[in-house]
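Below: one structure, written as structure tokens.
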Number of protein chains: 2
Amino acid sequence: MPAAEEPGRQRKRGVELERAIKDATIAELACGGYGSVTIESVAARAQTGKGSIYRRWPTKQELVLDSLGDLLAGPLLGAVEMQLDDKISTRDAILTLVRRITKLMSGLGGDAMRSIMGESLRDEAFCGTFECDFFDPRKQVLIGLLERGVRRGEVRPEAVSVLVPEMLAGTLIHRVVVRRRPISDAELVELVDGFVMPAISPR
Amino acid sequence: MPAAEEPGRQRKRGVELERAIKDATIAELACGGYGSVTIESVAARAQTGKGSIYRRWPTKQELVLDSLGDLLAGPLLGAVEMQLDDKISTRDAILTLVRRITKLMSGLGGDAMRSIMGESLRDEAFCGTFECDFFDPRKQVLIGLLERGVRRGEVRPEAVSVLVPEMLAGTLIHRVVVRRRPISDAELVELVDGFVMPAISPR
DNA sequence: GCACTAGTGCACGTTTGCGTTCCTTATCCA
DNA sequence: TGGATAAGGAACGCAAACGTGCACTAGTGC
């Protein structure tokens with residue numbers, strides 16, 4: 001609904017307007033991928049005009065990449081920080097992390113992730129951005145958990161491997177985001193207890 | 001190069017022409033996703049005319065879906081049949097399968113898979129088709145391996161779980177197809193020996 | 001050799017969407 | 001209060017692409 005159809009409705013300006021435009025872009029992207037995004041539909045959803053968009057981004061492509069970049073760095077798919085209770089075991093910490101990731105991917109984060117993956121599959125350059133800005137930082141969180149586990153005697157030193165986060169991320173993202181199939185808590189427990197813990201625990 | 005620009009060049013007909021059109025569609029799809037596919041570029045690549053395409057498929061959408069359907073069932077991503085030597089261990093059989101999947105995904109199969117996943121992310125109905133026609137049959141191959149392992153005493157009965165193929169498929173596809181990062185044979189061995197075998201072996 | 005079928009190439013109408021321009025209106029601040 | 005800045009809306013030119021139609025050409029079989 002264009003703002004001007006509602007006389008007296010306040011216009012967005014500055015950062016607020018940019019936020020609305022980027023959010024609208026992500027929403028349109030989630031609907032049907034890059035090809036289904038039009039500047040007109042983004043403007044309508046953001047309740048703004050195309051001129052305001054073109055004042056900020058010279059092309060549709062740059063708008064999409066900027067919006068996805070914000071998404072990568074934003075709170076919805078944000079850095080998965082964990083404040084660990086000293087007492088929590090490595091197993092419980094990993095399970096908590098996996099539950100959090102799953103919850104995120106099962107909601108709006110799933111749509112967001114589909115948008116990002118769609119662009120990643122389409123655009124090899126963006127694939128590199130996805131790797132650096134999204135995947136690597138999250139991988140480090142889990143590597144950190146494993147290193148903490150080594151210090152606590154709960155993880156074999158040689159088990160600190162990138163395959164642990166890659167296995168967890170790959171399995172969850174493929175299941176929930178790509179195939180759109182919910183995963184139960186029992187399956188998450190089975191994943192951690194059945195695959196991860198035997199792989200990392202002291203023998 | 002249009003056929004008629006080369007006088008005397010034989011025109012494709014019937015099934016051969018349809019094959020060429022579908023192959024051209026998949027190739028265009030792999031380049032930049034659904035939005036970048038045009039009927040004109042497909043026709044050019046297949047060395048045919050748009051009329052021949054529209055004689056067979058009423059819309060671009062139906063051409064793309066038909067082509068992806070063929071891909072799902074075709075030799076490139078074909079049913080991963082394994083003729084197992086009676087002597088081969090469950091571990092070696094799984095490793096052989098994983099190496100074969102990886103080799104497939106690292107070549108033209110990777111481009112094909114990106115096309116399919118791109119459409120799957122974009123189109124929820126196609127996602128279901130992907131599940132039934134691609135994922136489920138391949139999952140059964142690995143379940144079959146696990147069941148054979150139970151009979152041979154190499155696999156715990158309760159370890160026959162869909163999470164085994166899902167974990168392997170998710171990890172490999174995410175790593176090689178989505179993130180476009182090669183995986184070494186050493187990492188494949190680590191994946192099987194470090195994660196799968198501890199998860200399924202008798203204790 | 002001819003009739004029939006099928007394919008190629010090109011022109012076409014139509015629609016869609018990108019990006020631009022400009023006038024009007026709203027907002028902000030001195 | 002007024003000037004400066006920014007936003008909204010709509011029209012526009014242009015290019016691209018979908019899908020159609022048709023004349024001409026190639027292939028096939030009797």
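Letters go in sequence order (proteins before strands), and every chain restarts at 1.
- Between the CG atom of L17(A) and the C1' atom of dT27(C) there is a distance of 13 Å, given to the nearest Å.
- When the P atom of dT5(D) is taken as reference, atom CZ of R11(A) falls 16 Å away, rounded to whole Å.
- Taking a cutoff of 4.0 Å between a charged side-chain nitrogen and a carboxylate oxygen, E18(B) and K12(B) do not qualify as a salt bridge.
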Taking distance alone, no hydrogens or angles, what donor-acceptor pairs closer than 3.5 Å link side-chain atoms of residues 20-31 of chain A to residues at least two apart or in another chain?
residue : atom : partner : partner atom : Å
K22(A)  : NZ   : D70(A)  : OD2          : 2.9
D23(A)  : OD1  : R19(A)  : NE           : 3.2
D23(A)  : OD1  : R19(A)  : NH2          : 3.4
T25(A)  : OG1  : I21(A)  : O            : 2.8
E28(A)  : OE1  : S41(A)  : OG           : 3.2
E28(A)  : OE2  : R45(A)  : NE           : 2.8
E28(A)  : OE2  : R45(A)  : NH2          : 3.2

Please tabulate, one pair per line, each protein N/O and nucleotide N/O from nucleotides 16-23 of chain C that are separated by under 3.5 Å, including the distance.
residue : atom : partner : partner atom : Å
dC18(C) : OP1  : V37(A)  : O            : 3.4
dC18(C) : OP1  : K60(A)  : NZ           : 3.2
dC18(C) : OP2  : I39(A)  : N            : 3.0
dG19(C) : OP2  : Y54(A)  : OH           : 3.2
dG19(C) : OP2  : K60(A)  : N            : 3.0
dG19(C) : N7   : K50(A)  : NZ           : 3.4
dG19(C) : O6   : K50(A)  : NZ           : 2.8

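- Side chain of E119(B) to main chain of I116(B): no donor-acceptor pair is present (N/O by atom type, distance under 3.5 Å, no hydrogens or angles).
- Taking only side-chain nitrogens and oxygens, R56(A) comes nearer than 4.0 Å to OP1 or OP2 of dA7(D).
- Between the C1' atom of dA17(D) and the OH atom of Y34(B) lies a distance of 12 Å, rounded to the nearest Å.
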For this session: Decide side-chain contact (heavy atoms from CB on, under 4.5 Å) for L68(A) and S115(A); before the verdict, give the C-alpha distance in whole Å, the side-chain angles of both, and the deciding distance to 0.1 Å.
Result: CA-CA 8 Å; L68(A) 286 172; S115(A) 304; 4.2 Å; yes
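- Within 6.0 Å of CD on E158(A) lie more than 12 heavy atoms contributed by other residues, nucleotides or ligands.
- Partner R99(B) forms a side chain to side chain contact (heavy atoms under 4.5 Å, CB included) with one of I101(B), T102(B), L95(B) and no other, that one being L95(B).
- Regarding R13(A), its CZ atom lies at a distance of 16 Å from the P atom of dA4(D), rounded to whole Å.
- Atoms CD (E16(B)) and P (dG7(C)) sit 11 Å apart, rounded to a whole Å.
- The distance from atom NZ of K12(A) to atom C1' of dT25(C) is 16 Å, rounded to the nearest whole Å.
- Between the C1' atom of dC18(D) and the CG atom of L63(B) lies a distance of 13 Å, rounded to the nearest Å.
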